There are 2 protein chains.
Amino acid sequence: MRQGRVDIGQRSETVHRANLSAIVRGLHERGPLSRSDLVALTGLTRSAIRALVCELVDAGMVIEEPALRLGTPGRPSPIARANPRRALVLGIEIMVDSIAAAIVGLGGVTLAESRLERPRGSLSPDRVVADITELTESLLRRVPAPPIGIGVAVAGVVRRSDGLVWAAPNLGWVEVALGDRLARALALEVPISIANDADMGLLAEHRRGAAIGVNDVLYISGEVGVGGGAIIGGHALTGVAGYGGEIGHMPVNPGGKSCRCGSSGCWETEVGEGALLTLAGLPPDSGREGVEAVLRDAAAGDPRSAAALDHVGRWLGIGLAGLVNVLNPQLVILGAMHGRIHAAVRPVMEGELDRRALRAPRDSVHVVPATLGVGAPARGAAELAFEPLLADPAAFFGSAAFSTQLASA
Amino acid sequence: MRQGRVDIGQRSETVHRANLSAIVRGLHERGPLSRSDLVALTGLTRSAIRALVCELVDAGMVIEEPALRLGTPGRPSPIARANPRRALVLGIEIMVDSIAAAIVGLGGVTLAESRLERPRGSLSPDRVVADITELTESLLRRVPAPPIGIGVAVAGVVRRSDGLVWAAPNLGWVEVALGDRLARALALEVPISIANDADMGLLAEHRRGAAIGVNDVLYISGEVGVGGGAIIGGHALTGVAGYGGEIGHMPVNPGGKSCRCGSSGCWETEVGEGALLTLAGLPPDSGREGVEAVLRDAAAGDPRSAAALDHVGRWLGIGLAGLVNVLNPQLVILGAMHGRIHAAVRPVMEGELDRRALRAPRDSVHVVPATLGVGAPARGAAELAFEPLLADPAAFFGSAAFSTQLASA
DNA sequence: TAAGTTTGCAAGAGAGGAACACAAACGTTG
DNA sequence: CAACGTTTGTGTTCCTCTCTTGCAAACTTA
């Protein structure tokens, strides 16, 4: 045999696990569903759904509620909903000027959250790990059980397999073994998944925001750097090591300004926050307030601010055209800074996009601002932490987070 | 329920179909495997493999041969191989200067093939459909059964769902309903799948060429235009309508030369065949011979040819850096013209790539020329045509292509 | 009260797993 | 050089798991 094992064979047990997964995932992603909804969703028979739902109810993952009377004929179908208290995860985001954590229950309910604003440049790995430990401990005191998983979104290039942050230029990090360090500091015996902040922002928008049900999405998230993520054909575009999506360092103007990454003419040098602020005559580190000022001044008629927005909008369109031609998404979501300036730059951006994107891909794409705003990466990280449970709920039947509550209920 | 059916439930029948698929796909993609290889591949038990293989043998899809004596201890295991005569497909490629067709049997054996060279510009849809009909009829006379599927690779932007060629600038086509036209002309009652030539070249390299077993691959195929395809995380990157991979029209030099597509500074204007030939002082339409001449002259010391290759190599590196940062592939395959110039441009291309690709993605990527050469798109198209059979062999048990041969055997 | 929809239960069918006996080839050993 | 044990693999039977089928009962609306 030329290669190792690739496609594992299926067995009856696989079927059962896949069906449990389909139900739990359906309830988590779509909210409460009646049994007959589940029949329609899965294509299984009523008997099978009944058995599966009962199994999940016994395991505490699903709560069945009496049927609602909806005015439709026929016997009412009991409503199944995910039990948000049965499985909790911790979602964390490490951004350039703040750190946030949230406890999210199965079904997507945020049970507790907290954020620490931090001045830029003060985010050494030691400090961040200490801050996260503190945040987490205070949050966990407010909920009655430990999480089943931890997800971390960090503004840097991350290797998914072991949580190594290869580089996070805006945090000043190089090769930080964040996964190991957090595991030691938090001392929670649960898996920690670390991923790029843009990938997690996209996951949040895909599950809970502007991209629900859209299987070909591109997400741009510009703050200090410009990051991005994509879901194409329903699959996250993470690349071989999870390093993908560094769209900020796509060369769009190779003779242009030199970039922190050592190259020149990277997209980020034209559409990043620093570019906008500098062009508008503000200090490049004036952050979110600076961007708001530019928008305000441009609206008030200041030509320099308007020209800065025009420049960014034009290059936004140029870069998007390339990405649209390569990836052919159905939807482009602009997050963070680019979401805020979307309305102001839309005409010039779309003009450039129309001119440069091939007609066929252009016809099918819409560009919209993100809907989730601040905290999206943490929500996405929480979704990432739920993934093992959603993929195989049966593996979590034993580890009842709330065994006492379940027993007394 | 907020949306329609997405994730179909699994049933025992699904398991059986999936396992049959795993075996047929394994034999098709990897070649003959012993029963014990299949046990290792799938993780199923000997009993299950035995039953599944016997079922496939009865259906004629698999031939079992006596064990080979390999000098290894233990009882020899019978070898199962795909029966190349049980299921045939027709793979067709429509390129800018030739049309080719091949009959491929299960397992990937080419049973017959033929190519028509055509001067550029003489490829109207009518003419192409007529040529294909003629090619196909003559090929089919040489094999004893009709194909179970037809795959077509065409150098243009294609909508997969219905085989509409939205645009094929190098053929001069606009909105050609190639799927419908071929279905009428060929009058074979089998599915016709139409796809982009670069996507099919990549599929061929992934199944039979330089990318076997590599799940994150980027493929560049430059002839008149520059096309590309990618497989990321094992999934083909086709985008929402199958329009993805138009990497030739990624803006890399927005103030640069104007492009046929209406934009300016597209990658294709810097690294396309026309750019190389023009820079070398040859007519832009001197085609493959022109490229060979440039390579020859540069090797002989002609400075103008060397400078042309340098230019193309440099911009190849620039564009690849962007794609590598965005997609994080493990392997980049240069096909067609770029495969031929690979050796000549490698140092300058890799220098630019080193300078511009982020370190993490760059560390994991290798750039190599394609191994399949001319005819790769047709082979990929044949693989595409096999896909329904590989995904569910049981669905083809009834339609025995060779029922008479099977009966007499 | 009739029609329509859904639940609940028991029997049935499909598929792979586990265990045992047996077979074939290799290498060692007397 | 032949007999032996070891290793690897086949063939068969019985078992278990899981979903489907079919029927009766429950519930709501019109």
Side-chain angles (χ1 to χ4, degrees), chain A residues 1 5 7-23 32-59 62 64-80 392-395 397, chain B residues 1 7-24 32-59 62 64-80 392-395 397:
Chain A
M1 203 170 51
R5 179 175 306 190
D7 195 358
I8 205 81
Q10 305 231 325
R11 42 194 82 179
S12 3
E13 188 195 355
T14 321
V15 171
H16 193 59
R17 286 176 184 253
N19 287 342
L20 287 172
S21 166
I23 292 175
L33 297 172
S34 72
R35 280 202 200 169
S36 47
D37 288 339
L38 289 169
V39 167
L41 175 71
T42 61
L44 297 175
T45 60
R46 291 184 277 281
S47 312
I49 290 295
R50 191 181 92 90
L52 293 164
V53 169
C54 287
E55 192 177 345
L56 290 166
V57 168
D58 288 346
V62 168
E64 262 201 321
E65 297 175 352
L68 294 174
R69 300 175 188 187
L70 298 163
T72 56
R75 179 172 174 168
S77 190
I79 304 290
D392 186 7
F397 280 3
Chain B
M1 201 168 53
D7 195 358
I8 205 82
Q10 305 230 323
R11 42 193 81 177
S12 8
E13 189 195 353
T14 321
V15 172
H16 194 59
R17 286 176 185 252
N19 288 341
L20 287 172
S21 166
I23 292 175
V24 174
L33 297 172
S34 73
R35 282 202 200 171
S36 48
D37 288 339
L38 290 170
V39 168
L41 175 70
T42 60
L44 297 177
T45 60
R46 291 188 281 281
S47 324
I49 290 297
R50 193 180 93 89
L52 292 164
V53 169
C54 287
E55 191 177 347
L56 290 167
V57 169
D58 288 346
V62 168
E64 263 201 320
E65 298 175 351
L68 293 175
R69 301 176 187 189
L70 299 163
T72 56
R75 177 173 175 171
S77 190
I79 304 291
D392 186 7
F397 278 4

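First the proteins, then the strands, lettered A, B, ... as listed; each starts at 1. Given the structure is predicted, the values throughout are model-derived calculations rather than measurements.
Considering every non-hydrogen atom in both B/His16 and B/Leu52, the closest pair reads CE1-CD2, 3.3 Å. Shortest non-hydrogen contact noted between A/Val62 and A/Ala80 is CG1-CB, 3.8 Å. When every heavy atom of A/Ile49 is checked against every heavy atom of A/Arg35, the shortest pair comes out as CG2-O, 4.0 Å. Closest non-hydrogen pair, A/Val57 versus A/Glu64, comes out as CG2-CG, 4.1 Å.
Nucleotide C/dG8 holds its C1' atom 15 Å from the CG atom of A/Leu52, rounded to whole Å. The interatomic distance linking A/Leu38 (CG) with C/dT7 (C1') rounds to 14 Å, in whole Å. Separating the CD1 atom of B/Ile49 from the P atom of D/dT10 is a distance of 10 Å, rounded to the nearest angstrom. Between B/Arg50 atom CZ and C/dA23 atom P there is a gap of 15 Å when expressed in whole angstrom units. Rounded to whole angstrom, the span from the CZ atom of A/Arg17 across to the P atom of C/dA15 amounts to 22 Å. At whole-Å resolution of the value, CZ in A/Arg46 and C1' in C/dG4 are 12 Å apart. Note: CG (A/Leu33) to C1' (C/dT6) measures 16 Å, nearest angstrom. Put simply, CD on B/Gln10 is 10 Å from P on D/dC19, counting in whole angstrom units.
Contact annotation: A/Asn19 side-chain N/O to D/dT18 OP1/OP2 distance is not under 4.0 Å. Contact between the side-chain N/O atoms of A/Ser47 and the OP1/OP2 oxygens of D/dC19 is not found at any separation under 4.0 Å. When the side-chain nitrogen and oxygen atoms of B/Arg11 are compared with OP1 and OP2 of D/dT20, one or more of them lie within a distance under 4.0 Å. Of the side-chain N and O atoms in A/Thr45, one or more sit less than 4.0 angstrom from OP1 or OP2 of D/dT20.
Closest to the side chain of A/His16, from the set D/dT20, C/dG16, D/dT18, is D/dT18. Out of C/dG16, D/dC19, C/dT7, the shortest distance to the side chain of B/Val15 is found at C/dG16.
Looking at A/Ser34, its side chain does come within 3.5 Å of a backbone N or O of A/Asp37 through a donor-acceptor pair.
Counting any heavy atom pair closer than 4.0 Å across all strands shown, B/Arg35 reaches sugar-phosphate atoms only and no base atom.
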